Amino acid sequence: MTEVRTRFAPSPTGFQHMGGFRTAFFAWLLAKHHGGKFLLRIEDTDRERTVPGAIRFIIEELGWFGIQIDEGPSRAELRALGEDWDGAPDVGGPCGPYVQSHRLPRYKEVAEQLIATGFAYRCDCTPEMLERERLEQMARKESPGYSGYCRTRNVSADAKHIVRFKIPQRRSVTFHDAIRGRVHWETVPLRDTVLLKSDGFPTYHLAAMVDDHDMKITHVLRGIEWLSSAPIHLLLYEALGWEPPVFAHLPVVNGPDGKKLSKRTGAAKSSELREKGFLPEAVLNYVSLIGWAPGQGSDQEVFTRDELIAQFSLNGMNEASGVFDPVKLEWMNGLYIRKLELSDFIKRAEPFLKAANLELPAELFAAIAPHVQERVKMLTEIAPMVDFLAERPLERQMDAMFQKGMDAAKAREVLTRSIAALEVLEDFSVAGIDQVLRGVATELGLKAGPAFVVLRIAVTGKTVTPPLFESFAVLGKDRVLSRLRETLNLIPGSN
RNA sequence: GGCCCCAUCGUCUAGCGGUCUAGGACGCUGGCCUCUCACGCCGGAAACAUGGGUUCGAGUCCCAUUGGGGUCACCA
């Protein structure tokens with residue numbers, strides 16, 4: 001059995017959104033499922049649209065997701081593109097180069113072969129001529145497309161020209177898509193398409209087919225927008241006498257608005273997800289669920305990376321387009337956060353605390369960490385939940401203190417008694433604090449809830465915090481007491 | 001417009017002719033737990049786009065309609 005080889009072949013024209021990375025995930029999962037190889041190829045054949053930094057973005061995000069590239073651009077190739085950076089991986093591989101702009105001679109060679117065998121021809125029609133032709137066709141309500149004027153003109157190789165593929169008309173094409181099954185065209189609805197541009201660069205059609213063949217790609221996973229041009233690709237393989245790979249056209253992922261994912265769609269950019277505190281493994285898991293399910297009646301939707309690899313199959317792919325639901329992603333991220341080892345959680349939280357300008361002594365954060373771990377969905381939610389531990393003045397939501405029958409006098413009473421009771425408490429532990437504070441509430445004939453709102457705001461400033469006794473214990477007796485005393489002066493009618 | 005793809009709860013999906021009075025998950029919602037918020041647990045509302053076939057029997061097969069989407073570049 002031949003080795004399964006898949007590839008992710010983005011063009012570096014900007015950042016990739018999650019739809020693009022999902023394609024990469026599936027290709028990677030398929031390869032790994034079969035113990036095969038996953039390659040990265042850069043399709044930089046459009047010189048106008050290539051944007052600096054795009055390749056770095058792709059490689060770094062793939063790395064963040066923990067996707068190992070088995071074959072791809074070497075460090076030298078990256079450097080030649082001006083895309084070198086500290087820590088850039090040096091991947092390489094036996095089928096390089098993996099950057100299309102470095103493979104120009106090969107495309108030219110194949111184009112010449114196609115011309116020699118009569119499957120392609122040179123064309124020197126100017127853009128102006130083509131434009132006029134198109135206008136005339138539209139005026140006649142014909143579908144626009146190249147007429148084939150140069151098909152038989154034997155344009156000289158010396159003249160400035162492009163190379164077109166001679167698309168046979170009146171040809172039916174049938175192929176089996178790994179996801180959709182049989183797709184059939186009665187007649188090929190396409191005109192002679194360009195293979196080589198006048199600047200010597202190939203178009204996608206030529207470059208991708210040549211590379212997929214040369215790189216021994218066995219399964220091509222790509223967006224469904226390519227389905228319409230699949231006949232060109234099949235015909236090209238036929239003309240070249242090559243065995244085509246298995247094609248799988250993936251359904252698209254739309255934003256919650258039902259429209260295509262774009263820069264505007266929130267949470268569509270992986271780097272943004274990272275900054276918001278999503279875990280790569282959660283994102284990978286969630287995104288894999290858009291358009292794929294294990295099937296076999298299985299209800300499983302939380303998968304480790306290895307489970308995903310073990311269970312992934314193109315048979316489980318759905319034909320219909322899906323929607324990226326940021327709310328469900330958040331839920332899943334919360335799930336993954338809760339599953340983290342405490343030490344891992346603390347480690348991952350660190351950069352987010354720093355970003356929020358909150359530097360806490362390690363032991364202090366470690367002590368409160370278990371209690372915040374089970375109540376955040378994103379790492380960015382940690383800082384606001386623990387910032388009451390910082391050595392800085394507290395801003396208290398005093399208004400929220402006086403609700404449901406709580407008035408200034410009662411609040412003062414709660415504070416005074418708590419201060420008195422805590423002052424003499426030797427064992428400032430969760431259990432000790434628990435006993436004392438409940439005692440205070442009982443003495444005052446108050447329920448725990450209302451009484452604790454006062455204490456919570458007094459010590460943390462907020463109405464929503466980690467559990468009260470735990471927060472007190474972590475903060476420490478002295479700071480708790482001073483905050484309680486401070487609050488006494490803030491209650492209306494004091495003095 | 002031609003061609004192609006798609007169609008189960010709001011969303012992601014299970015379902016591959018009978019076991020579907022359609023299952024799960026997110027979200028929503030009622031309750032329990034409870035010091036707030038979460039977590040957890042129990043319950044609820046919520047879908048087979050429409051019309052024809054085929055069949056003893058259709059969410060499942062076929063066709064049409066409708067509705068989405070894609071594509072028809074010297075962009076990928």
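Chain letters run A, B, ... following the sequence lines, proteins first and then strands; every chain starts at 1. Note that the structure is a prediction, hence the values are computed from the model and not measured.
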Partner nucleotide, any strand, of [N] [Watson-Crick/G-U, under 3.5 Å]:
N     : result
B:G1  : B:C72
B:A25 : B:U11
B:C35 : none
B:A64 : B:U50
B:A58 : none

Describe the nucleic acid contact of [X] in one word from base, sugar-phosphate, nothing, applying a heavy-atom distance below 4.0 Å.
X      : value
A:P127 : base
A:P12  : nothing
A:E43  : sugar-phosphate
A:R191 : nothing
A:V453 : nothing
A:T45  : sugar-phosphate
A:G334 : nothing
A:Q296 : sugar-phosphate
A:G295 : sugar-phosphate

**Request:** Take A:D199 and A:A448, find for each the nucleotide of RNA chain B with the closest heavy atom, and name the residue whose nucleotide sits nearer the 5' end.
**Result:**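 Closest to the 5' end, via its nearest nucleotide, is A:A448.
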Distances under 3.5 Å only, N/O to N/O: pair up the protein atoms with those of nucleotides 3-6 of chain B.
{"from": "B:C5", "atom 1": "O2'", "to": "A:R180", "atom 2": "NH1", "distance (Å)": "2.8"}

**Message:** If I take atom CD in residue A:Q373 and atom C1' in nucleotide B:C37, what distance separates them, rounded to the nearest angstrom?
**Reply:**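 Taking CD of A:Q373 and C1' of B:C37, I get 16 Å after rounding.
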**Request:** Calculate the interatomic distance between A:I162 atom CD1 and B:C74 atom C1'; express it in whole Å.
**Result:**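 Value for this atom pair: 5 Å.
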[X]: side-chain contact (heavy atoms from CB on, under 4.5 Å) partners, not counting sequence neighbours:
X      : result
A:L425 : A:L422, A:F428, A:I433, A:V436
A:H213 : A:Y237, A:W242
A:Q373 : A:I337, A:L340, A:L342, A:F345

Looking at [Y], does the NZ or CZ of [X] lie under 6.0 angstrom from its six-membered ring centre and within 45 degrees of the ring axis?
X      : Y      : value
A:K166 : A:Y121 : no
A:R164 : A:Y146 : yes
A:K276 : A:F278 : no

For [range], which residues have at least one heavy atom under 4.0 Å from RNA chain B?
range                       : answer
residues 432-445 of chain A : A:R438
residues 463-473 of chain A : A:T463, A:V464, A:T465, A:P466, A:P467, A:L468, A:F469, A:E470
residues 163-178 of chain A : A:R164

**Item:** Distance-only donor-acceptor test (3.5 Å): side chain A:R456, base B:C35
**Value:**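 Looking at the base of B:C35, it does pair with a donor or acceptor on the side chain of A:R456 (distance under 3.5 Å).
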**Message:** Please determine whether any donor N or O and acceptor N or O are separated by less than 3.5 Å between the side chain of A:K328 and the base of B:A25.
**Reply:** yes
Measure all distances between protein nitrogen or oxygen atoms and nitrogen or oxygen atoms of nucleotides 43-46 of chain B, and list the pairs falling under 3.5 Å.
none

**Asked** What interatomic distance, in whole Å, is found between C1' of B:A14 and the corresponding atom of B:G53?
**Response**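 To the nearest whole Å, 27 Å.
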**Complete:** Contacts satisfying side chain to side chain donor-acceptor pair (under 3.5 Å) that involve residues 223-232 of chain A (not counting sequence neighbours) are none
**Request:** For salt bridge (Lys or Arg N to Asp or Glu O under 4.0 Å), just list the numbers for A:D212 and A:R41, CA-CA rounded to whole Å, side-chain angles, deciding distance to a tenth of an Å, and then say yes or no.
**Result:** CA-CA 10 Å; A:D212 285 339; A:R41 181 175 73 224; 2.9 Å; yes
**Asked** Hey, mind stepping through A:R412 and A:D407 against salt bridge (Lys or Arg N to Asp or Glu O under 4.0 Å) and telling me if it holds?
**Response** CA-CA 9 Å; A:R412 212 173 299 122; A:D407 57 33; over 6 Å; no
**Request:** Would you please confirm or rule out a distance under 4.0 Å between OP1 or OP2 of B:C75 and any side-chain N or O of A:K197?
**Result:** yes
**Message:** Can you list everything that forms a salt bridge (charged side-chain N to carboxylate O under 4.0 Å, His left out) with A:E381? Sequence neighbours excluded, please.
**Reply:**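 Counting only residues at least two positions away or on another chain, A:E381 forms no salt bridge (charged side-chain N to carboxylate O under 4.0 Å, His left out).
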Tell me which donor-acceptor pairs under 3.5 Å the side chains of residues 439-454 of chain A have, and how far apart each pair is, sequence neighbours excluded?
{"from": "A:T442", "atom 1": "OG1", "to": "A:R438", "atom 2": "O", "distance (Å)": "2.7"}
{"from": "A:E443", "atom 1": "OE1", "to": "A:R417", "atom 2": "NH1", "distance (Å)": "2.7"}

Under 3.5 Å, sequence neighbours excluded: what are the donor-acceptor pairs made by side chains of residues 314-328 of chain A?
{"from": "A:N318", "atom 1": "OD1", "to": "A:A320", "atom 2": "N", "distance (Å)": "3.2"}
{"from": "A:D325", "atom 1": "OD1", "to": "A:V327", "atom 2": "N", "distance (Å)": "3.0"}
{"from": "A:K328", "atom 1": "NZ", "to": "A:E301", "atom 2": "OE1", "distance (Å)": "3.1"}

**Message:** Any salt bridge linking A:E238 with A:R171? Criterion: basic side-chain nitrogen under 4.0 Å from a carboxylate oxygen.
**Reply:** yes
**Message:** Could you check, using the six-membered ring where one of them is a Trp, whether A:W292 and A:F312 have ring centers closer than 6.0 angstrom?
**Reply:** yes
**Request:** Please lay out, stage by stage, how A:E131 and A:R134 fare under the test salt bridge (Lys or Arg N to Asp or Glu O under 4.0 Å).
**Result:** CA-CA 5 Å; A:E131 179 58 23; A:R134 185 163 29 242; 3.0 Å; yes
